[in-house]
Amino acid sequence: MDLKQFIQRDETCWKIPAKGAMRVPAIIYADASLLQAMDQKVHEQICNVAALPGIVEAAYAMPDAHWGYGFPIGGVGAFDADQGGVISAGGVGFDISCGVRTLHTGLTMNDLQGVKKDLADELYRSVPAGVGSRGLIHLNHDEMRAMLTGGAQWAVDQGFGEARDLEFTEERGRVDGAEPRDVSPRARERQKDEMGTLGSGNHYLEVQRVVEIFDQEVAEAYRLKLDAIVISIHCGSRGLGHQIGTEFLKDMALAASQYHITLPDRELACAPLNSPLGKRYLGAMRAGINCALANRQIITHLTRQAMNEIFPGISIDLLYDVSHNTCKEERHIVAGSAQTVFVHRKGATRAFGPGHADLPTEYQSVGQPVLIGGSMGTSSYILCGTKQAEQRSFSSACHGAGRAMSRRQATKQWHGRALVDQLAEQGILIRSPSLRGVAEEAPAAYKDVSAVVDSADKAGLAKKVARLEPVICIKG
DNA sequence: ATGTAC
């Protein structure tokens, strides 16, 4: 888009002053070339977010921002409930609490020699992937309720993983305030056989190798070394989150006039945080967050089982688990003083800096791990939270590369089989139930994740720690 | 993202 629409504050900070219906300014963080390539829709959408009731400070877009439903993907907005602030289902996203979890394996590249193919097959066999994929777990009514309230803690109690995993999971594996009664029977029905499954689209389980370290001190705190093998899991709340999103978007669109909210865009449907509908969505969304946390915890257990088949006795520890599709009640500095706000992060990763009370002891001095998934066949990054991000983005950073091309366009341009063969030649093994899915996820259908991460680093949203390259990718 | 439309 045209850079002349912005007031450039520094190399990676572009401001749109409040005008028209905007209550606060909008700010996009990106270098000039990423911003130029960004869809004009991001400008329109982030200005619309800035016009919502009760928004504080500014509406923000991350360097990987692109056109989404209502809010841009890569959008951040914080709202004050006491000032008529709203919550928006489209501001969280359909895949509630979609996120990334990274596991240490204690292995190096050398350990994979001769077993790579077997490991790929074993992981693919163990972790269900694809549209409508089902697991071996089937939840009855009471178990569903316990899962929606207990999150990853419930999963660990059921024998899926170890108590120590929870220490390294955002929110220690469960959020308060989940209300299973606000989750419809249809949403539960869709989820009851889907626990411990990856899903489709850009979701994956990837075996990765640490190929570059940018910050030795933080890397040591995260126990990351060059050539180490880690496993990253990217997925969310499956059918449950999607159903919650669908239902509440509809309810919120219908209720807007009742709450005297003038919507700049129908897709920005929202409800006051203090309204019955807003509270019901909060209760359901938090149940969705617990579902995603439980899902990644169960997949961790399945991963451990698969890894044990190939490497008997192997011990797998969690580096961290962080979501990038949520609305969270947090304390932040607004107009110079601390207050409680509800931060929407849609395609944006929470990135708490050093000293934040919610971080595990081991990461207190260096800040939260910020896990950035690349597209299939490309690099992923691990960053750390900064102190500056508190003032710049309510402690938020980017979440990935972001699509540069539609799925349809991608399937016209690439064939799944050819991509799998091509990646295999580069030493990257792909396993997927859908060759069309593979084509849709072609590496070149995404923006350059390295440019996105460099912009986030330069903008002070998070600091680069390590770069990972894929070895095996189980694709949904 | 998603029982890729109810």
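Labels below follow one simple rule: chain letters A, B, ... track the order of the sequence lines, proteins then strands, and each chain is numbered from 1. Below, all heavy atoms of this structure are taken into account, side chains as well, without hydrogens, waters or symmetry copies.
Between the NE2 atom of A:His242 and the P atom of B:dA5 there is a distance of 10 Å, rounded to whole Å. Distance A:Arg186 CZ to B:dC6 C1': 7 Å, rounded to the nearest Å. Whole-Å rounding puts the A:Lys250 NZ to B:dA5 P distance at 17 Å. Spacing between atom CZ of A:Arg134 and atom P of B:dT2 amounts to 15 Å, rounded to whole angstrom units. Put simply, CG on A:Asp95 is 15 Å from P on B:dT4, counting in whole angstrom units. A:His203 has its NE2 atom 10 Å from the C1' atom of B:dT2, to the nearest Å. Computed from coordinates, the A:Glu189 CD to B:dT2 P distance equals 17 Å when rounded to whole Å. Rounded to whole Å, atom P of B:dA5 lies 18 Å from atom CD of A:Glu247.
Taking the six-membered ring for Trp and thresholds of 30 and 60 degrees, A:Trp154 and A:Phe160 have ring planes inclined between 30 and 60 degrees apart. In this structure, A:Phe94 and A:Tyr69 have perpendicular ring planes: the angle between them is above 60°, well past the 30° mark.
Under 4.0 angstrom from either OP1 or OP2 of B:dT4 there lies no side-chain N or O belonging to A:Arg407. OP1 or OP2 of B:dT2 has not a single side-chain nitrogen or oxygen of A:Thr246 nearer than 4.0 Å.
Here the options are A:Met307, A:Arg101, A:Gln208, the test is side-chain contact (heavy atoms from CB on, under 4.5 Å), and the partner is A:Ile231; only A:Met307 passes.
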Next item on the list: For salt bridge (charged side-chain N to carboxylate O under 4.0 Å, His left out), just list the numbers for A:Glu247 and A:Arg280, CA-CA rounded to whole Å, side-chain angles, deciding distance to a tenth of an Å, and then say yes or no.
Entry: CA-CA 12 Å; A:Glu247 290 167 8; A:Arg280 271 204 296 128; over 6 Å; no

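Using a 4.0 Å heavy-atom cutoff across all strands shown, A:Gly199 reaches sugar-phosphate atoms only and no base atom. A:Ser237 comes within 4.0 angstrom of no nucleic acid atom, judged by non-hydrogen atoms across all strands.
Both A:Val131 and A:Phe94 lie close to DNA chain B; mapped to their nearest nucleotides by heavy-atom distance, the more 5′-ward contact belongs to A:Phe94.
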